[in-house]
Amino acid sequence: MTNMKPMTMGQQFGRRSWAEPWKIKMVEPIKMSSRPDRERAIQEAGYNTFLLRSEDVYIDLLTDSGTSAMSDRQWAGMMLGDEAYAGSKNFYNLESAVKKYYGYKHLVPTHQGRGAEHLISQALIKPGHVIPGNMYFTTTRLHQELAGGKFVDVIIDAAHDPLNMHPFKGNIDLDKLETLIKQVGADKIPYVSLAGTVNMAGGQPVSMENVKAVRALCDRHGIRLYLDATRMAENAWFIQQREEGYLDKKIADIVKEFCSFTDGAWMSAKKDNLVNIGGWLAMNHDDLFEATSNLVVIYEGLHTYGGMAGRDMEALAIGIEESLQDDHMNSRIGQVLYLGELLTDWGIPIVHPVGGHAIFLDAKVIYEHIPQSAFPAQTLAAQLYLDSGIRSMERGVVSAGRDAVTGDHRYPKLELVRLTIPRRVYTQAHMDVVAEAVKAVYDERKNVKGLKMVFEPKYLRFFQARFAPV
Ligand code: PLI
């Protein structure tokens with residue numbers, strides 16, 4: 001059973017304000033540019049915020065990936081790097097941290113999340129395989145396809161509706177999954193790909209009840225269940241706040257319980273785990289460990305560093321522990337909710353309920369006069385940059401790419417712009433500035449026209465595509 005009315009941070013903490021559980025020890029200056037400078041910069045970047053230079057950006061909400069501020073303990077850990085080629089002591093610290101907090105038996109380090117996705121896809125997927133999952137993620141699906149598989153979305157329908165208030169919009173639809181298993185046969189499904197939270201749906205969580213049920217269904221059919229644990233700590237916060245029986249449990253305990261229903265996980269440590277680079281793949285099955293700890297030496301590095309320096313593994317081991325602390329997660333998601341509440345109060349169309357790592361602006365509604373073929377979300381991200389130097393990211397038709405068989409654009413139901421909040425980096429005042437900028441762009445919405453794509457790379461086109469005004 002779930003509590004259908006998620007609490008706001010205000011309700012949770014009563015009338016008293018809350019504050020970040022840290023103070024600032026070092027600062028990095030940022031500056032606002034002039035409108036003519038921004039016009040030149042976005043034009044040079046082909047209206048793609050990925051192609052802007054960071055020094056031309058005022059508040060950078062492109063991504064929460066690798067953009068966290070590390071703690072003094074993590075920086076101290078960097079000085080303890082054991083840069084041996086083989087058997088670095090930092091690797092063993094990392095292995096212990098993953099085992100302690102996520103509970104998996106084996107660890108394969110990788111340079112970042114997509115390195116881990118590559119290894120698991122190559123090890124388990126054969127041509128003709130089908131991989132069900134709770135909405136696609138760009139790099140995850142591409143690695144599954146490159147290995148010869150086909151991703152099939154089995155998320156609940158509510159996830160595709162920006163206004164549906166379901167508290168766990170990341171859940172897998174058990175009927176869709178069961179129907180798919182019957183259609184293609186369990187032997188064609190190497191594993192179910194479960195992400196907590198679901199990035200492309202707006203950072204929406206999966207409930208404990210759902211993962212248990214998915215596990216039971218997988219067991220009945222002899223199918224493995226692997227987790228994209230990239231933002232699992234944030235997922236755990238939503239379980240703590242919204243699912244009956246979890247309010248008194250610690251985030252760390254909830255993460256471990258959730259993972260216990262899965263056979264392993266891949267991780268972009270650049271998100272939850274509070275480091276600027278790093279990733280891992282962890283699992284309980286010995287056969288997958290044997291296969292991937294062999295593949296890792298071809299693609300990433302030796303199986304005791306996987307593309308990371310010793311110092312990076314030490315910072316990651318410490319980051320894992322810090323990322324699962326309740327006061328960290330309260331302020332992390334509290335900041336996202338704060339921005340969401342400001343925008344909601346001003347009537348800006350965003351995805352509800354607000355998710356864990358970002359606010360998602362509903363570009364389809366904001367620019368209702370711009371057809372999806374003229375890239376409303378790409379347009380909105382460019383306009384927000386032009387207005388105030390704030391960098392955001394398109395999560396719509398450009399990110400969805402082309403159908404692998406027909407070659408046509410995929411037109412996703414969600415056409416969104418993501419304002420992604422880096423961890424421990426910006427203050428509440430920055431959030432106020434962001435909200436005011438979004439309001440200004442929203443008020444000007446009727447005067448804006450769309451974009452056309454003038455350059456399209458073959459893979460993951462959103463990173464490098466170029467656009468021009470129509
Ligand atoms: O960027 P990587 O290679 O460390 O991780 C890939 C990756 C896997 N899963 C999920 C859910 C992600 O969000 C993810 C990367 N996300 C990025 C870069 C983002 O901006 O959301």
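Just follow the structure's listing: the first ligand is 1, and inside any ligand the first atom is 1. Given the structure is predicted, the values throughout are model-derived calculations rather than measurements.
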Which heavy atom of the protein is the closest neighbour of atom 14 (C) of ligand 1, given with residue, atom name and distance? F137 CE2, 3.2 Å
I'd like to check which ligand 1 atoms, numbered from 1 as shown, lie under 4.0 Å from a non-hydrogen atom of K270. 4 (O)
Numbered atoms of ligand 1 (with element) below 4.0 Å of M393, judged on heavy atoms: 20 (O)
Nearest to atom 1 (O) of ligand 1, what protein heavy atom do you find, and at what distance? R114 NH2, 2.8 Å
Are any of the N/O atoms in N199 less than 3.5 Å from those in ligand 1? yes
Are D326 and W237 close enough that a side-chain donor and a side-chain acceptor fall under 3.5 Å? no
For atom 8 (C) of ligand 1, which protein heavy atom lies nearest, and how many Å away is it? E117 OE2, 3.1 Å
Give a yes or no answer on whether the side chain of Q122 reaches the backbone of Q144 with a donor-acceptor pair at less than 3.5 Å. no
Look at R224 together with D263 and state whether they make a salt bridge at an N to O cut-off of under 4.0 Å. no
Under 4.0 Å between a side-chain nitrogen and a carboxylate oxygen: does that hold for D56 and R38? no
Heavy-atom distances under 4.0 Å are what count here, so tell me which part of R418 touches ligand 1: side chain, backbone, both or neither. side chain
Would you please indicate if the ring centroids of F91 and Y305 are separated by under 6.0 Å? no
Ranked by distance from atom 6 (C) of ligand 1, the top protein heavy atom is T139 OG1, 3.5 Å
Proximal atoms of ligand 1 relative to D228 (non-hydrogen, under 4.0 Å): 8 (C), 9 (N), 10 (C), 11 (C)
Check whether any N or O atom of R231, backbone or side chain, sits under 3.5 Å from an N or O atom of ligand 1, and answer yes or no. yes
If you have a sec, work out which protein heavy atom is nearest atom 5 (O) of ligand 1 and how many Å separate them, to one decimal? S268 CB, 3.3 Å
Which residue and atom name correspond to the protein heavy atom nearest atom 2 (P) of ligand 1, and how close is it? Q112 NE2, 3.3 Å
D64/R231 salt bridge by N-O under 4.0 Å criterion: yes
Quick test of your reading of the model: are E117 and R141 salt-bridged, counting only N-O distances below 4.0 Å? no
Between E456 and R466 (salt bridge meaning N to carboxylate O under 4.0 Å), is one present in this structure? no
Heavy-atom contact under 4.0 Å between K271 and ligand 1? yes
Near T63, which atoms of ligand 1 are under 4.0 Å from a heavy atom of that residue? 19 (C), 20 (O)
Do we see a donor-acceptor contact under 3.5 Å between the side chains of S268 and K271? yes
